[in-house]
A.B. asks: 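First, the structure itself, so that you have it in front of you.
The sequence lines fix the lettering, A, B, ..., with proteins before strands; numbering per chain opens at 1. What you are looking at is a predicted structure, and each value in this text was computed from that prediction instead of being measured. Hydrogens, waters and symmetry mates are skipped; everything else that's a heavy atom, side chains included, is used.
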Amino acid sequence: MRIVVQEEPFDLGAEAEAFAASRSDMGAIVTFTGVVRDLSGKDLEVMEIEHYPGMTEKAVEKIASEAAQRWSLGDVLVIHRYGRLVPGDRIMMVATAAPHRRDAFEAADFLMDYLKSRAPFWKKEHTAATAGWVAAKDEDEDALSRW
Amino acid sequence: MRIVVQEEPFDLGAEAEAFAASRSDMGAIVTFTGVVRDLSGKDLEVMEIEHYPGMTEKAVEKIASEAAQRWSLGDVLVIHRYGRLVPGDRIMMVATAAPHRRDAFEAADFLMDYLKSRAPFWKKEHTAATAGWVAAKDEDEDALSRW
Amino acid sequence: MDILYFAWVRERIGLPKERVTTKAATVAELVTELRAREDRYAAAFADLSALRVAVDQELTDFDASLEGAREVAFFPPMTGG
Amino acid sequence: MDILYFAWVRERIGLPKERVTTKAATVAELVTELRAREDRYAAAFADLSALRVAVDQELTDFDASLEGAREVAFFPPMTGG
């Protein structure tokens with residue numbers, strides 16, 4: 001299990017390759033990558049991501065450990081950035097390795113749902129004219145009840 | 001949409017990176033990678049993958065097009081190898097890019113279910129002593145009814 | 001018409017492909033003709049529930065018409081992914 | 001005890017962190033004390049349903065005890081991922 005919380009960009013290709021290479025005995029590897037995009041259609045210039053140093057790492061570890069308990073997993077990777085990102089930048093990625101594909105898929109899906117609502121990150125969108133915090137969506141909270 | 005059926009190994013890291021880089025306007029990217037492993041516990045030496053040239057490409061394109069119709073996707077990639085592979089080798093990968101993560105996850109999951117049972121590939125396991133065709137599992141056929 | 005065999009069907013019949021001349025109107029009629037040829041065909045086609053068929057590279061069923069068909073393939077359930 | 005604020009709570013109160021001395025036994029009592037301080041606190045804590053709280057870096061609720069707590073953080077619902 002590897003948890004990384006950093007301001008710097010990460011290299012998706014290198015991370016995916018290294019993650020897959022570390023466990024050649026796993027039949028299934030799933031990765032999810034989140035990319036900054038202008039969802040509001042109001043010319044997003046900067047996506048600022050604030051987090052709670054100290055708690056962030058603990059919360060993410062707790063989520064990853066929960067996934068490892070629920071599914072048969074060989075490995076879990078979570079990378080999450082903070083700071084000022086621009087559209088097209090990769091915010092975060094998760095990767096799961098499992099003997100069977102259903103475990104790898106479900107665990108990655110679970111990790112995303114929980115990182116969304118239970119890891120202390122907050123997003124603020126900056127356009128040329130405005131800045132505003134992204135509101136949590138009811139559907140993101142509701143998604144947790146799937147698990 | 002890119003469909004590749006080849007004997008040669010593919011570079012997971014480079015493929016994941018190139019796929020993600022091609023659509024920076026997509027918020028969510030999911031990849032699935034299948035790895036040869038010794039599921040039977042009988043010292044697998046070679047996993048031989050036979051396919052139906054011509055039909056394979058058509059069948060995979062049909063599955064990918066179906067995914068693109070059902071979910072809001074920006075792009076789809078499917079790479080599937082054939083020939084003689086050894087444990088630890090990567091057999092195949094799919095990647096999906098979507099504005100929203102649920103579409104990316106579900107479409108990748110759907111692609112895997114259909115590639116498993118509707119793309120003309122057959123696996124034969126070779127050990128030092130024996131060789132046998134992998135039987136399709138009822139659960140793989142049943143999985144299609146989820147969609 | 002070309003007939004293709006894959007995986008254990010190919011191994012049991014002993015060849016990957018052959019050209020046949022047939023008046024069979026459906027896949028099922030073609031199977032009946034093939035079964036009558038030799039034991040190895042009868043063995044390969046003994047249990048149709050263990051087989052799948054594609055006509056002109058499209059998965060179909062044993063009732064399918066062969067009208068205009070150029071290529072028929074027989075194989076076990078697929079195990080991709 | 002250290003109190004931390006994040007996102008719009010931090011902006012509304014105007015600082016990321018402060019040290020307070022309190023006899024509050026629960027988070028809710030601490031909130032009552034903070035609200036009484038100044039308008040900016042009253043505004044930030046006006047609607048608790050829009051807030052989340054962590055005690056010693058563990059997400060909890062407003063009924064939680066502050067016994068032995070060293071760090072309390074207030075913030076809006078999280079938007080990670």
A.B. asks: Quick check on A:A95 against chain B: is it the side chain, the backbone, both or neither that has a heavy atom closer than 4.5 Å?
C.D. replies: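 Neither part; nothing is under 4.5 Å.
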A.B. asks: Please classify the contact of B:D113 with chain A as side chain, backbone, both or neither, using a heavy-atom distance under 4.5 Å.
C.D. replies: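 Both backbone and side chain.
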A.B. asks: When only pairs under 4.5 Å are counted, which of B:G88, B:A18, B:G27 shares the most heavy-atom pairs with chain A?
C.D. replies: B:G27
A.B. asks: Under a 4.5 Å cutoff for heavy-atom pairs, which residue among A:E15, A:R102, A:M26 has the most contacts with chain B?
C.D. replies: A:R102
A.B. asks: For the ring pair (Phe, Tyr, Trp, His ring centres under 6.0 Å) test, which of B:W71, B:F32, B:F105 pairs with B:F110?
C.D. replies: B:W71
A.B. asks: Do the side chains of A:R70 and A:E66 get close enough for a salt bridge, i.e. N-O under 4.0 angstrom?
C.D. replies: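 A salt bridge is present here (some side-chain N lies under 4.0 Å from a carboxylate O).
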A.B. asks: So which residue, A:M93, A:R23, A:R101, A:E17, ends up with the most heavy-atom pairs under 4.5 Å with chain B?
C.D. replies: A:R101
A.B. asks: Measure B:M112 against the heavy atoms of chain A and call it side chain, backbone, both or neither at under 4.5 Å.
C.D. replies: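 Both backbone and side chain.
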A.B. asks: Would you check if A:V94 and A:T31 make a side-chain contact, meaning some heavy-atom pair closer than 4.5 Å?
C.D. replies: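 Answer no - side chains too far apart.
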A.B. asks: Sort B:A108 into side chain, backbone, both or neither according to what part of it lies under 4.5 angstrom from a heavy atom of chain A.
C.D. replies: both
A.B. asks: Is the shortest side-chain N to carboxylate O distance from A:R146 to A:E106 below 4.0 Å?
C.D. replies: no
A.B. asks: Quick one: of B:L12, B:T96, B:I91, B:D109, who has the most non-hydrogen atom pairs under 4.5 Å with chain A?
C.D. replies: B:D109
A.B. asks: Which bit of B:V36 comes within less than 4.5 Å of chain A, counting heavy atoms only: side chain, backbone, both or neither?
C.D. replies: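 Contact with chain A is through the backbone of B:V36 alone.
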A.B. asks: With a 4.5 Å limit on heavy-atom distance, are the side chains of B:D75 and B:L77 in contact?
C.D. replies: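 The answer is no, as the side chains (C-beta and beyond) never meet within the 4.5 Å cut-off.
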A.B. asks: Are any of the side-chain heavy atoms of B:M47 and B:E125 separated by less than 4.5 Å?
C.D. replies: yes
A.B. asks: Regarding B:E141 and B:R118, does a basic nitrogen lie under 4.0 Å from an acidic carboxylate oxygen?
C.D. replies: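 A salt bridge links B:E141 with B:R118.
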